[in-house]
Amino acid sequence: MMNTPIGIFDSGYGGLTVFRSIADRLPQYNYIYLGDNARSPYGDHSFDTIYRYTLECVEWLFAQGCELVILACNTASAKALRTIQQKDLPFKYPGKRVLGVIRPTAEVIGDFTANKTVGVMGTRGTINSQSYLLEINKFFSDIKVHQQSCPMWVPLIENNEHLQSGADFFINEYCDQLMQQSEAIDCVLLACTHYPLLLPKLKTVFPDYINILTQGEIVATSLVSYLERHPEMEGKLGRGGTRAFYTSGDPQTFDERASIFFGEELKSGKM
Ligand code: DGL
């Protein structure tokens with residue numbers, strides 16, 4: 001019996017917040033996480049670069065035996081997923097699947113906004129791609145989407161400076177810029193898998209009536225439903241609850257920082 005893990009990919013550490021929810025929800029499967037820390041953050045890179053980096057990482061996960069890979073990264077989901085699904089998989093890897101985090105989030109966002117007005121915060125790559133605008137309006141044509149890119153947040157988080165007082169300027173600035181776009185916003189989507197680490201601060205910055213939405217639970221629920229609808233994929237997955245972690249960067253540094261995202265100590269290997 002093959003090990004056949006589910007692959008989980010992010011540019012760096014952020015995907016670990018999604019992996020946490022997936023592993024809690026579906027502990028029976030084997031998993032392999034890959035963070036492309038050597039080349040992160042992805043947020044400001046061009047479409048071509050993000051596509052190339054993401055494809056390389058997905059192909060590496062396939063080479064480790066994955067049949068299913070989750071891009072637990074909004075930037076990669078926005079900039080690379082569609083091309084990989086349409087151009088690469090059918091010809092080079094028929095039967096293998098790559099799923100992202102944008103569609104599952106867009107599908108359910110209507111449940112979290114009474115005013116039908118949502119603020120989306122993400123990297124420049126995610127925001128400039130307009131992916132959330134397009135995907136949300138596919139499912140909810142009556143929801144108004146306001147977007148705010150937050151280019152300083154991932155570097156602050158990756159350097160573990162996000163909860164220091166020095167980070168407050170950039171946290172307040174992007175939140176203010178978003179809220180100035182509309183008084184009707186009652187739901188703020190953290191459309192970057194790093195941002196859940198900012199929750200303690202964001203809860204003090206946004207008024208209480210704002211629903212601050214993170215993606216871990218949403219993506220985990222969507223994966224449960226995907227596997228129920230796709231027994232041909234579910235049947236291929238190895239069971240045993242193993243979890244392996246890899247980084248394209250320095251494993252020691254990864255291990256030091258990863259636990260604040262994953263909620264437990266872990267040991268990684270070099271990609
Ligand atoms: N965590 C990633 C996301 O969800 C992006 C971080 C980066 O800029 O590399 O968008």
Side-chain angles (χ1 to χ4, degrees), residues 7-22 33-58 69-82 84 98-106 109 119-133 135-136 147-162 167 170-171 174 188-199 202 212-220 222-223 245 247-249 253-254 257-258 260-262 271:
I8 302 193
F9 167 72
D10 181 48
S11 60
Y13 303 99
L16 290 166
T17 62
V18 172
F19 185 18
R20 175 78 269 157
S21 301
I22 291 177
Y33 181 91
L34 174 60
D36 191 9
N37 299 78
R39 302 187 292 196
S40 77
Y42 277 15
D44 284 338
H45 290 324
S46 69
F47 174 92
D48 286 339
T49 303
I50 294 172
Y51 164 63
R52 184 161 49 85
Y53 288 177
T54 304
L55 181 61
E56 277 172 25
C57 290
V58 166
V69 171
I70 314 289
L71 302 185
C73 175
N74 288 274
T75 311
S77 299
K79 299 276 206 169
L81 179 63
R82 185 185 297 253
I84 290 174
V98 179
L99 306 175
V101 291
I102 296 179
R103 197 187 173 99
T105 309
I109 203 143
V120 176
M121 309 187 91
T123 65
R124 265 200 198 109
T126 299
I127 298 304
N128 291 347
S129 75
Q130 309 290 342
S131 298
Y132 273 100
L133 203 63
E135 286 292 326
I136 290 174
Q147 303 196 88
Q148 179 64 45
S149 66
C150 313
M152 288 301 290
W153 283 5
V154 167
L156 285 168
I157 294 167
E158 295 238 319
N159 288 292
N160 204 8
E161 292 288 339
H162 54 291
F170 288 107
I171 292 176
Y174 300 144
V188 170
L189 169 65
L190 304 186
C192 171
T193 55
H194 284 68
Y195 296 175
L197 272 80
L198 291 173
L199 261 181
L202 294 176
I212 308 174
L213 208 57
T214 57
Q215 296 176 290
E217 286 296 319
I218 293 171
V219 174
S222 164
L223 181 59
F245 299 85
T247 174
S248 60
T253 311
F254 186 86
R257 297 189 188 163
I260 60 167
F261 294 82
F262 196 58
M271 176 191 182

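Counting from 1, the numbers follow the sequence of the chain as shown. All ligand and atom numbering here is 1-based and tracks the order in the structure.
Scored by the ring pair (Phe, Tyr, Trp, His ring centres under 6.0 Å) test, Phe9 finds no partners at all (sequence neighbours excluded).
Side chain of Arg257 to backbone of Glu158: a donor-acceptor contact under 3.5 angstrom is found. Panel note: side chain Asn37, backbone Thr247; no donor-acceptor pair is recorded below 3.5 Å.
Of the candidates Thr126, Leu189, Ile127, Gln147 forms a side chain to side chain contact (heavy atoms under 4.5 Å, CB included) with just one, namely Ile127. Only one option out of Thr123, Asp44, Thr193 pairs with Thr75 in a side-chain hydrogen bond (donor to acceptor under 3.5 Å, both in side chains); it is Thr123.
With ring centers used as reference points, Phe245 lies under 6.0 Å from Phe19.
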Check: every ligand 1 N/O to protein N/O pair under 3.5 Å:
{"unit_1": "ligand 1", "atom_1": "1 (N)", "unit_2": "Asp10", "atom_2": "OD1", "d": "3.3"}
{"unit_1": "ligand 1", "atom_1": "1 (N)", "unit_2": "Thr193", "atom_2": "OG1", "d": "2.9"}
{"unit_1": "ligand 1", "atom_1": "1 (N)", "unit_2": "His194", "atom_2": "ND1", "d": "2.7"}
{"unit_1": "ligand 1", "atom_1": "4 (O)", "unit_2": "Asn74", "atom_2": "N", "d": "2.8"}
{"unit_1": "ligand 1", "atom_1": "4 (O)", "unit_2": "Asn74", "atom_2": "ND2", "d": "3.2"}
{"unit_1": "ligand 1", "atom_1": "4 (O)", "unit_2": "Thr193", "atom_2": "N", "d": "2.8"}
{"unit_1": "ligand 1", "atom_1": "4 (O)", "unit_2": "Thr193", "atom_2": "OG1", "d": "3.3"}
{"unit_1": "ligand 1", "atom_1": "8 (O)", "unit_2": "Tyr42", "atom_2": "N", "d": "3.3"}
{"unit_1": "ligand 1", "atom_1": "8 (O)", "unit_2": "Gly43", "atom_2": "N", "d": "2.8"}
{"unit_1": "ligand 1", "atom_1": "9 (O)", "unit_2": "Ser11", "atom_2": "OG", "d": "2.6"}
{"unit_1": "ligand 1", "atom_1": "9 (O)", "unit_2": "Tyr42", "atom_2": "N", "d": "2.6"}
{"unit_1": "ligand 1", "atom_1": "10 (O)", "unit_2": "Asn74", "atom_2": "N", "d": "3.3"}
{"unit_1": "ligand 1", "atom_1": "10 (O)", "unit_2": "Thr75", "atom_2": "N", "d": "3.1"}
{"unit_1": "ligand 1", "atom_1": "10 (O)", "unit_2": "Thr75", "atom_2": "OG1", "d": "2.7"}

